Amino acid sequence: MEKSKKKYFADLPKITMMKEVNEYLMSNGLTPFTALDRSNKSDIVAYVENHNIETRTPLKSRAWI
């Protein structure tokens, strides 16, 4: 039997993380975040958490909510 593994935002490739963040920003009429390409994955996760950005893929820190 194959065990299903839950995908979290931090486990995504960096380009997918950037795409989800920018989709959220643009859907709310905000300017896309262009500095994401120079950021580390941990910086992107921190940005999402600090600015309460809702991503399609859940965050590990919010998985219990």
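Positions are given from 1 along the sequence. Note that the structure is a prediction, hence the values are computed from the model and not measured.
- Remark: Glu49 CD to Ile44 CD1 distance equals 12.5 Å, nearest 0.5 Å.
- Contact detail for Tyr24 and Ile53: the closest heavy-atom pair is CD2-CG2, 3.3 Å.
- Put simply, NZ on Lys19 and CZ on Arg56 are 6.0 Å apart, with the number rounded to the nearest 0.5 Å.
- When side chains are defined from C-beta on, Tyr8 does not count as touching Leu59, because their heavy atoms never get closer than 4.5 Å.
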*Are Glu54 and Val48 close enough, and set up right, to give a side chain to side chain contact (heavy atoms under 4.5 Å, CB included), and what steps lead you there?*
CA-CA 8 Å; Glu54 296 177 20; Val48 168; over 6 Å; no
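- There is a path of hydrophobic side-chain contacts, each under 4.5 Å, that joins Val21 to Leu30.
- The shortest side-chain heavy-atom distance between Pro58 and Lys6 falls under the 4.5 Å cut-off.
- Here the CE atom belonging to Met18 is positioned 13.0 Å from the CG atom belonging to Leu12, to the nearest 0.5 angstrom.
- To the nearest 0.5 angstrom, Glu20 atom CD is 12.0 Å from Leu25 atom CG.
- No donor-acceptor pair under 3.5 Å is formed between the side chain of Asp43 and the backbone N or O of Ser39.
- Listed here is the closest heavy atom pair of Lys7 and Thr57: O-CG2, 3.6 Å.
- Between Lys60 and Phe9 the shortest side-chain heavy-atom distance does not fall below 4.5 Å.
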